[in-house]
Structure formats: structure tokens, C-alpha cells
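Here is the structure we will look at, set down as C-alpha cells.
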Amino acid sequence: MPHYHCQSRVEEVIISEAPHVAERAAFYVVIVCWWLFALTFWLRKRPPRAQEAKRDRTSLIGLFLQAAAYFSVGFYPLQQRQVSPVTSGSRVVEWALAVLTVAIAVGSVWLVNAAARRLGKQWALAARLVEGHTLIQDGPYRFVRNPIYTGMFGMLLATGLVAAQWIPLLVAIVLFAAGTYIRIRSEERLLRQAFGSEFEEYARNVPALIPGIY
């Protein structure tokens, strides 16, 4: 009896320490989405180089803060080389959170890809205007003014959910919010100068990042 009891305890420990199927599946889907996210910019068809009319390098500060946010939320799972359980509650809750995480990641990648393709030659890391710059208001830009940043935020959340490290995720959200605010202000300052009342009307009707929030 003691031998069987000991064996049973060992099996329980192994099962409890192993990531559940839901979290493991969500983890790998998020990894694949990160690759697709990167490939959106690495392999996108580049239009003829447009002559730059104006640039605001302040947005690079925001880019640095966004990068720091991704590092904050991604460092722990990369260091541990494993996925943490999202919750120790019921399997129903675990699967629900896993499905939510996958939906956020897949939707975010789609949004970033659609927005980057719609921007074409106007996309850049730093805020800028190019010759012949147009104010895009269709495609994903019908729903938010900065869909690429919305998708980036979604990827941040999905990564935080599969890592299940809540304090790093909160720190990352604060950093990302600050960096995104700086980038949006920098970019929209140029758009206001270029398009005036047309942009003001667009900004009144379409949220900057998340419908109903900002």
C-alpha cells in the first residue's frame, strides 16, 4: 500500500505541474501569431519609395516605451521556457480564457496586417508625412484611427494571458499606454497640420485606439 500511495502522489504532482492542454494550445497559437505579426512587416510588398515631406521624431520615444512593454511581458516566459497556467480554477474557465487569448491574438494579427496593407507607402516607424499623403478612413480605419496600435495592444494582452504573470502585464500595459499616447499625439499632430478640419471631423467620429474607451 505505501508503494502505491507514493506512486499515486508522484503522478498527482506531475499532472499538477504539467501545463493543461488549453494553456499549451493558446501558448503555441500566440507564438505563431507573433511570427505572422513580424512577417507582416518583413515580407510585405513595398511600394515605390515616397519622398518624405515632414517627420516628427518624438514618436521614437513612444516606440521605445512600446518595446519596453513587450519586453516586460515577454521576458518571464522566455526565461522560464514554459507556459504558466492561467488559472487554477475549473477547466471550463481555463478553456474560456484560452479561447479568449487565441481570439485576441488572431484578431490582432489580422488587424495589423489589414492596416499595414492599407497604409502602403505611408507606413513608417517614426511619425511622418510623405508627398501625396492621404487621410485614410476606410478599411480598419473606419473603426479606430490607429488600428496597428490596437493590434499591437492585443498581442501584448494575449502574451500576458499565456504568461499568466499579472504584475509584469500591468507594468507592460502602463508602458504601452504611455508609448502609444506619445506616438498617437506625434502622428496626429502632423495629420492635423496637413488635413485640418477633415482630420478633426474624422477624429470626432472615430476613436483613437479602443472603441468606447479612447
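No hydrogens, no waters, no symmetry mates; every other heavy atom, side chains included, goes into these values. Position 1 is the first residue of the sequence; numbering continues from there.
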Side-chain contact, heavy-atom cut-off 4.5 Å: [X] with [Y]?
X	Y	answer
Cys33	Met155	yes
Gln137	Arg142	no
Val144	Leu209	no
Phe27	Leu161	no
Thr159	Tyr70	no
Gln66	Leu175	no
Leu119	Ile148	yes
Ile173	Leu157	yes

Q: For the residue pair Trp35 and Trp42, categorise the inter-ring angle as parallel (less than 30°), tilted (30 to 60°) or perpendicular (more than 60°).
A: perpendicular
Q: Give a yes or no on whether Glu200 atom CD has more than 12 heavy-atom contacts from other residues, nucleotides or ligands under 6.0 Å away.
A: yes
Q) Should we count OH of Tyr214 as having more than 12 external heavy atoms under 6.0 Å? A) yes
Q: Decide, yes or no, whether a salt bridge links Glu188 with Arg145 under the criterion of side-chain N to carboxylate O below 4.0 Å.
A: yes
Q | ring-ring contact (aromatic ring centres under 6.0 Å, His included), paired with Phe176, selected from Tyr181, Tyr149, Phe71, Phe153 | A | Phe153
Exercise: identify the closest heavy-atom pair between [X] and [Y]:
X	Y	result
Ala69	Leu156	O-CD1, 3.7 Å
Leu135	Phe195	N-CZ, 3.6 Å
Gly160	Val73	CA-CG2, 3.4 Å
Ala115	Pro147	CB-CG, 3.6 Å
Tyr202	Ile136	OH-O, 3.8 Å
Ser72	Val171	OG-CG1, 4.4 Å

Q: Would you confirm whether the ring centroid of Trp110 sits within less than 6.0 angstrom of the ring centroid of Phe37?
A: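 Ring centroids of Phe37 and Trp110 are no less than 6.0 Å from each other.
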Q) Checking side-chain contact (heavy atoms from CB on, under 4.5 Å) for the pair Phe143/Thr150: CA distance, chi angles, key distance, verdict? A) CA-CA 10 Å; Phe143 309 110; Thr150 303; over 6 Å; no
Q) For the side chain of Thr40 and the backbone of Asn113, is there at least one donor-acceptor N/O pair under 3.5 Å apart? A)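 A pair under 3.5 Å: no.
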Q | Any donor-acceptor N/O pair, Asn146 side chain to Ala208 backbone, under 3.5 Å | A |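 Yes.
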Could you measure the distance from the [atom1] atom of [X] to the [atom2] atom of [Y]? Nearest 0.5 Å is fine.
X	Y	atom1	atom2	result
Ile184	Leu191	CD1	CG	11.5 Å
Ile31	Tyr28	CD1	OH	9.0 Å
Thr58	Arg185	OG1	CZ	11.0 Å

Examine [X] and [Y] and state if one hydrophobic cluster contains both, with Ile, Leu, Val, Met, Phe, Trp and Tyr joined whenever side-chain heavy atoms are less than 4.5 Å apart.
X	Y	result
Ile210	Tyr141	yes
Leu97	Val106	no
Val99	Val162	no
Ile104	Val32	yes
Leu100	Val30	yes

Q: Can you spot which of Gln122, Lys121, Arg128 makes a side-chain hydrogen bond (donor to acceptor under 3.5 Å, both in side chains) with His133?
A: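 Option passing the side-chain hydrogen bond (donor to acceptor under 3.5 Å, both in side chains) with His133: Gln122.
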(Q) Can you confirm whether the side chains of Glu187 and Ser59 place a donor and an acceptor under 3.5 Å from each other? (A)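 Note: Glu187 and Ser59 side chains miss the donor-acceptor criterion.
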